[in-house]
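Before any comments, here is the structure.
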Amino acid sequence: MRALLYVQNDGTLLVQSDHPHYEALRPRLLAFAELAQRMDPIHIYRIRPISLWQAASLGSTAREILTFLRDHAAHPVPYDLQRTIAQEVAKWGRLTLHQGARERIVLRGDPESLAAARVVPEVAAITAADRSDGLVFRAAHRARVKRALASAGLPVMDHVGYQAASALSFSLREETRLRGYQEEAVRRFLRQGGEQSGVIVLPCGAGKTLVGIAVIQALGWHALVLTPSETAARQWQREFLDRTDVRPEDVSLYRPGHPVTPVTITTYQRVAAQDRRGRRRHLESLTTHPWGIVVYDEVHMLPAPLFRLAADLQGARRLGLTATLVREDGAEADVFSLIGPKCYEVPWKQLEEAGYLAAVRCVELHVPLPAAEQGRYLSAGIREQHRIAAANPAKRGVVEALLKQHAGESVLILGHYVEPLRALADALGCPLVTGTTPQPERERWFEAFRTGRIRRIALSRIANTAVDLPCASVAIQVSGLFGSRQEEAQRLGRLLRPQTREGVFYTLVSKGTVEARTAKHRQLYLVEQGYTYRVYDSHEYLPEGVDEDEAVGVPEHR
DNA sequence: CAAAAGTACC
DNA sequence: AGATCGTACTTTTG
């Protein structure tokens, strides 16, 4: 049989995506490599140190990884790469951080690793003492030490332990049932008596909030929950009240000046905020409370320069939750070092197959750029090119045709640039909701959409997180935030609430422009998760003047 | 409601 | 290869 993959010296894997065993073997591949590019039928994966540490933390050995490569590669694995893999996997656990005397922590390890750690400038700058048995730091530098070492290629296993926490007792309500994978997620996080901190990755709509609540309940300590927005914070609060018997007065949104409650919910923004004097008072007051656990909702946002201050709460167990542990700046490694390794993940498609999430089909439609735009496009700089491609006026006709085809279904129209999106919404006569739409007005539109009173709604980037519109079964993406895999995944995520009918996720791409490349890149995370994109020219998918049923390439209307 | 602060991407 | 800049967006605050 044909080989599944070709291994290159630099850790790049060329994988035959049409190989009969590809689907079955993909999870094992993803355990230590990341999908970097698609040139069908070749999928290009990259082995990165962070993925090897991650694999090691989940118990993989270098031998297993190398055996997998030997079994499926066309040629022998290059010796240098074999050595790199063995080295990187072995790094996990070589450096460990321990509690020292009096507010000190100690970095221990073999002499070689310690020597490497010693010369990392940011580490040297905060080393309190350099002893033969290890490097000593102030406990307050716990996050900084781990982050600096990880970015220098030295992952640290954190054995410092946690502060004494206040107890909190409540139960899940009788009728609150955890699904199998949710229970498994909780179990994995709590293994070793909950000593480990880490990240749980579950698709949008899979019930991450409930997993977080179940973890808090099982641990029985005071909990701080950090979310990306006030809206998300309120959703957590509501979920706590709906799903558990926790006393309502024990759960609150953080209010500066008011005493914190056993479960306190607030946003990354607020934690990071500083007052006029430059003091981060919220962070200070939240840090002093004896939390037993801090939950980081949408933890992929944590690496932002100020949001990551929220990771200074190292005295508590840390649980990160996200659907999309990817960033275009590669800062996922910060999540690994500041929160902990990924301890549980379920591929999106797997939950679809199990019937927990709606089935979604992905379609990429190429729309020609009209001649007038074509001229401007060719003489524009790269930024302007993105904008012109995104605002392609020919997309409007395609959107109209798709709306006709999906008459009677609830459709989201998603865009990045607000002005072109506004023009489109006006032309279609549908409401537009953006970040500047006042909260009450947002709620009114969302409610109208949920109840089916309106069937279409145009959304800017606010749709990327925490917008709950469960009835949507079709999304038309008219433009996106460049090559953001994160955004693509979150947007498809809007369609995953269980539906009776299959969802469709359309992406409109200006033909022959930079958009074609960015669109391909955006899709990589979802392709990793098992989704397939069908690509058509818009006229081929929606031929003018031809009845839909006769159109070539149009899947049967259901 | 406008200004300020923050994020993500190229 | 890594860093910086510029643009468009969101949330929070006064």
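Letters A, B, ... mirror the listed sequences (proteins, then strands); counts begin at 1. Please read these numbers as outputs of a predicted model, since none were measured by experiment.
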- Cationic N near anionic O, under 4.0 Å, A:Lys342 to A:Glu345: yes
- Task: Using the ring pair (Phe, Tyr, Trp, His ring centres under 6.0 Å) rule, take A:Trp92 and A:Phe336 through it: C-alpha gap first, then chi angles, then the decisive distance, then the call.
- Result: CA-CA 12 Å; A:Trp92 181 241; A:Phe336 184 91; 5.3 Å; yes
- Message: For B:dA8 and A:Arg327 - does any side-chain N or O of the residue sit under 4.0 Å from the phosphate oxygens OP1/OP2?
- Response: yes
- Query: Which nucleotide in the list C:dT12, C:dT13, B:dC9 gets nearest to the side chain of A:Ser484?
  - Reply: B:dC9
- Message: Starting the side chain at C-beta, find the nucleotide from B:dC9, C:dC9, C:dT11 nearest to A:Val418.
- Response: C:dC9
- Message: From OH of A:Tyr268 over to C1' of C:dT10, roughly how many Å is that when rounded to an integer?
- Response: 16 Å
- Output yes when A:Arg94 and A:Glu112 qualify as a salt bridge under the 4.0 Å nitrogen-oxygen rule, no when they do not. yes
- Taking the side chain of A:Gln269 as its heavy atoms from C-beta onward, which of C:dT12, C:dT13, B:dT7 lies nearest to it? C:dT12
- Task: Take the protein atom CD1 of A:Ile388 and the nucleotide atom P of C:dT7, then report the distance between them rounded to whole Å.
- Result: 15 Å
- Euclidean distance, atom CD1 of residue A:Ile462 to atom P of B:dA8 [Å, nearest integer]: 18 Å
- Parallel, tilted or perpendicular: rings of A:Tyr268 and A:Phe307 (30°, 60°): parallel
- Message: Just to be sure I understand the geometry, which residues of residues 424-440 of chain A put a non-hydrogen atom under 4.0 Å away from DNA chain B?
- Response: none
- Let me know the distance between CZ of A:Arg46 and P of C:dA1, rounded to the nearest Å. 10 Å
- Task: Among the candidates B:dC9, B:dT7, C:dT10, find the nucleotide nearest to the side-chain atoms of A:Pro305.
- Result: B:dT7
- Item | Out of C:dG6, B:dT7, C:dT13, whichever nucleotide has its closest atom nearest the side chain of A:Arg383 | C:dG6
- Nucleotide of C:dC9, B:dC10, B:dA8 approaching A:His386 most closely (side-chain heavy atoms): B:dC10
- Message: What is the distance, to the nearest angstrom, from the CD atom on A:Gln486 to the P atom on B:dC10?
- Response: 13 Å
- May I have the distance from A:Met301 (atom CE) to C:dC9 (atom C1'), rounded to whole angstrom? 12 Å
- Task: Take atom CZ of A:Arg491 and atom C1' of B:dA8, then tell me their distance rounded to the nearest Å.
- Result: 13 Å
- Is the number of heavy atoms from other residues, nucleotides or ligands within 6.0 Å of CZ (A:Arg442) greater than 12? yes
- Query: Taking the side chain of A:Arg387 as its heavy atoms from C-beta onward, which of C:dC9, C:dA8, C:dT12 lies nearest to it?
  - Reply: C:dA8
- Query: Out of B:dT7, C:dT11, C:dA8, which has the shortest distance to the side chain of A:Phe307?
  - Reply: B:dT7
- Task: May I ask you to say whether A:Arg522 pairs ionically with A:Glu487, meaning some side-chain N is under 4.0 Å from a carboxylate O?
- Result: yes
- Message: Please report the distance, rounded to the nearest Å, between CD in A:Glu487 and C1' in C:dA8.
- Response: 12 Å
- Message: Check this for me, if you would: do A:Glu284 and A:Arg281 make a salt bridge, where the nitrogen-to-carboxylate-oxygen distance has to be below 4.0 angstrom?
- Response: no
- Message: Between A:Arg422 and A:Glu419 (salt bridge meaning N to carboxylate O under 4.0 Å), is one present in this structure?
- Response: yes
- Please work out if A:Arg442 contacts a base, only the sugar-phosphate, or nothing of the nucleic acid, heavy-atom cut-off 4.0 Å. sugar-phosphate
- Message: Using a heavy-atom cut-off of 4.0 Å across all strands, would you classify A:Glu230 as base, sugar-phosphate, or nothing?
- Response: sugar-phosphate
